[in-house]
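Reviewing the structure listed below.
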There are 2 protein chains.
Amino acid sequence: MYVTSPVSTLDTDTITDTEAAGGYPPLTRTINITAGHSLFYEGDEADFIYEMIEGVVRTSKVLLDGRRLVLSFGYPGDVIGLSHDGIHHCNCEAVSKVRLRVYPGNTASAEKAGHTKFTNRLLHHAASEINSMQEHFIMLGRKSATEKVASFLYTLFLRVGEKRDGKTCFDLPMSRSDIADFLGLSHETISRTLTVLRQGGYIELPRKHRVCIRQPVLLKTLAERN
Amino acid sequence: MYVTSPVSTLDTDTITDTEAAGGYPPLTRTINITAGHSLFYEGDEADFIYEMIEGVVRTSKVLLDGRRLVLSFGYPGDVIGLSHDGIHHCNCEAVSKVRLRVYPGNTASAEKAGHTKFTNRLLHHAASEINSMQEHFIMLGRKSATEKVASFLYTLFLRVGEKRDGKTCFDLPMSRSDIADFLGLSHETISRTLTVLRQGGYIELPRKHRVCIRQPVLLKTLAERN
DNA sequence: CGCGCAGTTGAACCTAATCAATGGTGGTGG
DNA sequence: CCACCACCATTGATTAGGTTCAACTGCGCG
């Protein structure tokens with residue numbers, strides 16, 4: 001349905017080794033992925049855990065009839081690929097040019113190997129992720145289209161916004177359909193809502209994939225009320 | 001909005017001690033809570049982790065304007081109360097008479113104390129919970145009312161159904177509003193959809209809080225397509 | 001140059017929410 | 001003991017928000 005580039009999993013030729021750092025198991029390395037390519041698919045063996053260094057990935061699930069849901073957008077610092085049973089239960093694709101750190105092993109093997117400090121880091125990340133997923137539940141289950149889009153933009157504003165002459169701007173590398181599937185809306189609704197927010201003076205859209213927040217406080221109000 | 005019984009947190013008089021068991025930190029104990037009473041509130045310090053032994057709890061979040069979302073129903077075996085920052089970010093109430101095992105400490109303290117085996121158990125539970133939360137995302141974001149209710153019933157059918165003369169039955173101790181807030185629907189829609197499923201011969205409703213699945217396979221089909 | 005895809009916008013439709021009325025039930029107090 | 005109240009559940013009527021269908025634009029790329 002959402003056809004991306006012909007698929008190659010990992011650009012192994014771009015792999016560069018790094019030394020083991022504090023609390024990490026040895027043999028970690030970094031890899032690069034170009035936009036549109038996949039990191040792993042649902043059903044793949046979960047042999048590695050990834051930590052985002054640069055760029056944006058999206059994790060998604062697809063139903064038989066083609067309906068898709070984007071579970072998360074991964075930004076630098078996020079941990080990707082945790083699994084409880086050694087199998088990935090979602091797809092993961094690069095939305096932009098991406099650099100990741102790769103850790104061999106996953107939940108089960110980390111336990112066996114007894115990398116206590118690493119396991120603790122994972123647990124903290126997992127608990128943290130559960131918390132932000134719970135916030136997202138409210139988004140999906142109880143918010144209007146305007147609240148959803150405003151919340152989404154406000155979250156990115158806080159996380160990746162760069163202040164520049166009075167406005168705070170950031171890239172929106174994912175497509176409108178990606179955002180729609182993340183928020184449980186149609187891509188038309190995303191488009192319309194962005195237009196409404198622009199006309200209302202909340203945001204500017206200098207380019208299709210670039211947003212500037214003009215009124216963060218008002219945007220936050222929109223995100224929380226209606 | 002959703003007024004329950006006047007609140008008492010824990011029935012401390014019903015506490016009974018238990019010995020430490022395989023991989024658990026010492027000093028665990030069990031407690032009982034009566035239906036409608038709370039285990040913890042959003043904002044409380046997360047000093048304990050709980051494991052469900054008997055009964056059903058619900059975890060929820062409430063928006064300022066009263067909109068509520070039920071994050072999960074906790075059944076025996078589920079782990080409740082994990083936190084990444086020592087604070088609970090949801091409310092937890094007993095839906096029926098509940099018995100839990102209490103573990104002192106949470107993510108942070110478990111790490112420090114170095115209860116490796118316990119930490120590993122927690123990590124596994126967390127990864128597992130992330131997985132089932134991802135399934136729920138699809139539910140909230142991309143499924144129709146009929147699919148949501150059918151999925152909900154089918155999940156309970158698999159998890160707590162008891163086979164009895166050809167039919168598989170289970171209790172539905174939570175209110176229609178609880179189910180509605182879990183599925184992101186109105187309680188009227190839950191009511192209507194249950195009626196439709198009953199009239200369609202998929203289920204029986206011998207009592208308001210009791211369901212029998214007549215056609216598990218057809219119910220599963222309803223849950224996945226439509 | 002032309003194709004294909006992403007995005008925007010308009011119009012019609014539809015699903016589920018909302019508003020409203022009624023019946024049933026359990027608990028409380030006169 | 002029973003009357004009353006509060007709450008839950010069901011069902012009907014109406015409304016609204018968002019989807020779907022459709023047309024058109026602009027842009028990147030072979």
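In the text below, chain A, chain B and the rest are named by the order of the sequence lines, each starting its count at 1.
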List, with names and distances, any nitrogen or oxygen atoms from the protein found under 3.5 Å away from nitrogen or oxygen atoms belonging to nucleotides 9-11 of chain D.
{"from": "D:dA9", "atom 1": "OP1", "to": "B:His209", "atom 2": "NE2", "distance (Å)": "3.2"}
{"from": "D:dA9", "atom 1": "OP2", "to": "B:Arg176", "atom 2": "N", "distance (Å)": "2.8"}
{"from": "D:dT10", "atom 1": "OP1", "to": "B:Arg176", "atom 2": "NH2", "distance (Å)": "3.2"}
{"from": "D:dT10", "atom 1": "OP2", "to": "B:Arg176", "atom 2": "NE", "distance (Å)": "2.9"}
{"from": "D:dT10", "atom 1": "OP2", "to": "B:Ser191", "atom 2": "OG", "distance (Å)": "2.5"}
{"from": "D:dT10", "atom 1": "O5'", "to": "B:Ser191", "atom 2": "OG", "distance (Å)": "3.0"}
{"from": "D:dT11", "atom 1": "OP2", "to": "B:Thr195", "atom 2": "OG1", "distance (Å)": "2.7"}

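Checked against ring pair (Phe, Tyr, Trp, His ring centres under 6.0 Å), A:His89 has the following partners two or more places apart in sequence or in another chain: A:His84. Here B:Thr193 pairs with nothing under the side chain to side chain donor-acceptor pair (under 3.5 Å) rule; sequence neighbours left out. For A:Ser151, the side chain to side chain donor-acceptor pair (under 3.5 Å) test picks out A:Lys143, with sequence neighbours left out.
Within a 6.0 Å radius of CD in B:Glu42, more than 12 heavy atoms belonging to other residues, nucleotides or ligands are found.
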Side chains of residues 201-213 of chain A: which donor-acceptor pairs under 3.5 Å do they make with residues two or more places apart or in other chains?
{"from": "A:Glu204", "atom 1": "OE1", "to": "A:Lys167", "atom 2": "NZ", "distance (Å)": "3.3"}
{"from": "A:His209", "atom 1": "ND1", "to": "A:Leu172", "atom 2": "O", "distance (Å)": "2.8"}
{"from": "A:His209", "atom 1": "ND1", "to": "A:Met174", "atom 2": "O", "distance (Å)": "3.4"}
{"from": "A:Arg210", "atom 1": "NH1", "to": "A:Asp171", "atom 2": "OD1", "distance (Å)": "3.0"}

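For residues 70-80 of chain B, the set of pairs meeting the salt bridge (Lys or Arg N to Asp or Glu O under 4.0 Å) definition, not counting sequence neighbours, comprises B:Asp78-B:Arg159. Listed by first and then second residue, the ring pair (Phe, Tyr, Trp, His ring centres under 6.0 Å) pairs involving residues 163-184 of chain A are A:Phe73-A:Phe182, A:His136-A:Phe182, A:Phe152-A:Phe182 (not counting sequence neighbours). For the disulfide (SG to SG under 2.5 Å) condition, no pair includes a residue of residues 48-94 of chain A, sequence neighbours left out.
The distance between atom CD1 of A:Ile179 and atom C1' of C:dG7, rounded to the nearest whole Å, is 11 Å. At whole-Å resolution of the value, CZ in B:Arg207 and C1' in D:dC8 are 16 Å apart. Note: CZ (B:Arg142) to P (C:dA16) measures 13 Å, nearest angstrom. The interatomic distance linking A:Leu183 (CG) with D:dT19 (P) rounds to 10 Å, in whole Å. The separation between A:Leu185 atom CG and D:dG17 atom C1' is 11 Å, rounded to whole Å.
Over its full length, the helix from C:dC1-D:dG30 to C:dG30-D:dC1 turns its helical axis through 30°, comparing axes from the five pairs at each end and rounding to 10°.
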